[in-house]
*Asks:* 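Got a structure for you, questions after.
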Protein chains: 2
Amino acid sequence: MAETEQELVDALREAGYRVTLQRRLICRVMAKAPGEHLSASDIVGRVGEAAGALDLSTVYRTLEVFEELGILHHVHLGHGPGIYHLSERSDHHHLMCERCGEVLDVPLDALEASFTDITRTFGFVPDGIHFAILGRHVDCPSSDPGAPTDRE
Amino acid sequence: MAETEQELVDALREAGYRVTLQRRLICRVMAKAPGEHLSASDIVGRVGEAAGALDLSTVYRTLEVFEELGILHHVHLGHGPGIYHLSERSDHHHLMCERCGEVLDVPLDALEASFTDITRTFGFVPDGIHFAILGRHVDCPSSDPGAPTDRE
DNA sequence: CTGATTGCAAAAGATTTGCAACTAT
DNA sequence: ATAGTTGCAAATCTTTTGCAATCAG
């Protein structure tokens, strides 16, 4: 599975895509951001730190290629921009607290029992990773209504 | 619970909001659309059929008032516009087939077991109704890749 | 009368697209 | 050489906002 910058680059080349500086930079950022929730524009920001300019449209086009190859996925945490994950790091669901904005990653099997029921009852196989589940911490750390990261 | 045009109008008035023609028309459309998935612009369309013009911004502002009053909710089925439901008609989750675009309504308790686990394990209470769960029909009716209602 | 509400136009934010210039192969 | 890529600017789409005109109470 593609995890390092080089592996990601190789995956592109093997699929017949050209390896450009921009794509290499995007691979580097994704490989260096284990477990993070990066939007397309976050990626531009991080590449900017490390190198010259990179256009947002190029990032979207490249991420789209990676999604076609199954190497990464995007997820929506709320009303904000989509966030991107390498595939092997997105084998989890996202819970987002509507009060404080924190995102919790939970293992796929946390919902497996219900998903199995849904498949049996409704003939529907959830992928379950594309949208976050919104809710609230039972005991939300942000008891003070200070900086509610309003993503929804 | 507010279900009819008149009940919706009354709820507005009781909460101190003024009852305008536009709001009455929106109430009418919502009351007449049991179980449907209506976007703000669908509402404009339906009102248009029955009366004069109605601005989209007015619809958004009115729907916002109704959400504050807890009378209706909006849900996201995919990348498209949000859809609106009267509250008593949204006590269910939405499953959307990524191939054919059909939306299935499933009872809240279809996910209750898992949600209870999540609360116990992660101290997080899902609301679970704000985003659809994407997936696929086991035996998708749209075997022909004809009109995949591409909402995602 | 007076403040709430409307329509219109413009803004905002995320994502997509057309196209000429550029570059990996 | 040539087809794939890029950057830029403009377009799209949904939702929000400013503001003067209008209307409900």
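In what follows, chains carry the letters A, B, and so on, assigned in the order in which the sequence lines appear, proteins first and then strands, with residues in each chain numbered from 1.
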*Asks:* Whole-Å distance between C:dT5 P and B:Leu25 CG?
*Replies:*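 Going from B:Leu25 (CG) to C:dT5 (P), I get 16 Å.
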*Asks:* Are A:Arg23 and C:dA24 close enough that a side-chain N or O sits under 4.0 Å from OP1 or OP2?
*Replies:*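 For C:dA24, OP1/OP2 do not have a side-chain N/O of A:Arg23 under 4.0 Å.
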*Asks:* Heavy atoms under 4.0 Å, any strand shown: does A:Ser41 hit a base, just sugar-phosphate, or nothing?
*Replies:*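 The residue A:Ser41 makes no contact with any strand.
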*Asks:* Return the value, rounded to whole Å, for the distance between atom CD1 of B:Ile83 and atom P of D:dT14.
*Replies:*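 That distance rounds to 14 Å.
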*Asks:* Applying a 4.0 Å non-hydrogen cut-off, can you work out what B:Leu21 is touching in the nucleic acid: base, sugar-phosphate, or nothing?
*Replies:*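 Answer is nothing: B:Leu21 stays at 4.0 Å or more from every strand.
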*Asks:* The side chain of A:Leu54 is closest to which nucleotide in this list: C:dT15, D:dG7, C:dC8?
*Replies:*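 Of the options given, the side chain of A:Leu54 lies nearest D:dG7.
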*Asks:* Reckon A:Gln22 has a side-chain N or O less than 4.0 Å from the OP1 or OP2 of C:dT23?
*Replies:*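 False: A:Gln22 side-chain N/O out of range (4.0 Å or more) of C:dT23 OP1/OP2.
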*Asks:* Looking at every non-hydrogen atom in both residues, tell me the closest pair between B:Cys27 and B:Phe66 and how far apart they are.
*Replies:*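 So the two residues come closest at SG-CZ, 3.5 Å.
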*Asks:* Can you find an N or O donor on one side and an acceptor on the other, under 3.5 Å apart, linking the side chain of B:Arg61 with the base of C:dG7?
*Replies:*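 Present.
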*Asks:* To the nearest Å, give me how far apart CZ (A:Arg18) and P (D:dT5) are.
*Replies:*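 Atom-to-atom, A:Arg18 to D:dT5, this comes out as 6 Å.
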*Asks:* Should B:Val59 and B:Val47 be marked as a side-chain contact (heavy atoms from CB on, under 4.5 Å) after you check the CA-CA gap, both sets of side-chain angles, and the distance that decides it?
*Replies:* CA-CA 10 Å; B:Val59 174; B:Val47 163; over 6 Å; no
*Asks:* Could you go through A:Glu36 and A:Asp42, starting from their C-alpha distance and side-chain angles, then the distance that decides it, and tell me whether this counts as side-chain contact (heavy atoms from CB on, under 4.5 Å)?
*Replies:* CA-CA 11 Å; A:Glu36 290 191 81; A:Asp42 291 335; over 6 Å; no
*Asks:* Quickly work out the B:Leu77 CG to D:dT14 P distance and round it to whole Å.
*Replies:*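 Between P of D:dT14 and CG of B:Leu77: 13 Å.
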*Asks:* Given atom NE2 of B:His74 and atom C1' of D:dT15, what is their separation to the nearest angstrom?
*Replies:*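 In whole Å, D:dT15 C1' and B:His74 NE2 are 10 Å from each other.
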*Asks:* What nucleic acid atoms does A:Arg13 come within less than 4.0 Å of, heavy atoms only: base, sugar-phosphate, or nothing?
*Replies:*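 Here A:Arg13 touches the backbone only, sparing every base.
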*Asks:* With a 4.0 Å limit, can you tell me whether B:Thr20 has a side-chain N or O closer than that to the phosphate oxygens OP1/OP2 of D:dC23?
*Replies:*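 Indeed not, no polar side-chain atom of B:Thr20 lies that close.
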*Asks:* Evaluate the side-chain contact (heavy atoms from CB on, under 4.5 Å) criterion for residues A:His74 and A:Glu67: first the C-alpha distance (whole Å), next the side-chain angles of each, then the deciding distance (0.1 Å), finally the verdict.
*Replies:* CA-CA 8 Å; A:His74 78 279; A:Glu67 290 208 84; 2.9 Å; yes
*Asks:* With the side chain of A:Tyr17 defined as its heavy atoms from C-beta on, choose the nearest nucleotide among C:dG7, C:dT5, D:dT5.
*Replies:*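 So the side chain of A:Tyr17 is nearest to D:dT5.
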*Asks:* Which of residues 62-69 of chain B have a heavy atom under 4.0 Å from DNA chain C?
*Replies:*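 Residues of residues 62-69 of chain B that come under 4.0 Å of DNA chain C do not exist, since none gets that close.
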*Asks:* Take atom NE2 of B:His76 and atom P of C:dA14, then tell me their distance rounded to the nearest Å.
*Replies:*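 Atom-to-atom, B:His76 to C:dA14, this comes out as 14 Å.
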*Asks:* Any chain of hydrophobic side-chain contacts (each under 4.5 Å) joining A:Ile133 to B:Leu134?
*Replies:*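 Result: no, two separate clusters.
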*Asks:* Report yes if some heavy atom in the side chain of A:Gln22 is under 4.5 Å from a heavy atom in the side chain of A:Arg61; otherwise report no.
*Replies:*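 Heavy-atom side-chain distance check fails, nothing below 4.5 Å.
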*Asks:* Between B:Val19 and B:Tyr60, just flag the one whose closest nucleotide in DNA chain D comes earlier from the 5' side.
*Replies:*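 It is B:Tyr60, whose closest nucleotide lies nearer the 5' terminus.
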*Asks:* Calculate the interatomic distance between A:Asp55 atom CG and D:dT6 atom P; express it in whole Å.
*Replies:*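 Checked: the CG to P distance equals 10 Å.
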*Asks:* Before giving the answer on side-chain contact (heavy atoms from CB on, under 4.5 Å), spell out for B:Arg23 and B:Tyr17 the whole-Å C-alpha distance, their side-chain angles and the decisive distance to 0.1 Å.
*Replies:* CA-CA 10 Å; B:Arg23 286 180 176 169; B:Tyr17 291 96; 3.7 Å; yes
*Asks:* To the nearest Å, give me how far apart CG (B:Leu56) and P (C:dT6) are.
*Replies:*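 Result: 13 Å.
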*Asks:* Using the rule ring pair (Phe, Tyr, Trp, His ring centres under 6.0 Å), only one of B:His76, B:His93, B:His94, B:His73 pairs with B:His85; which is it?
*Replies:*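 Going through the options one by one, the only one that passes is B:His94.
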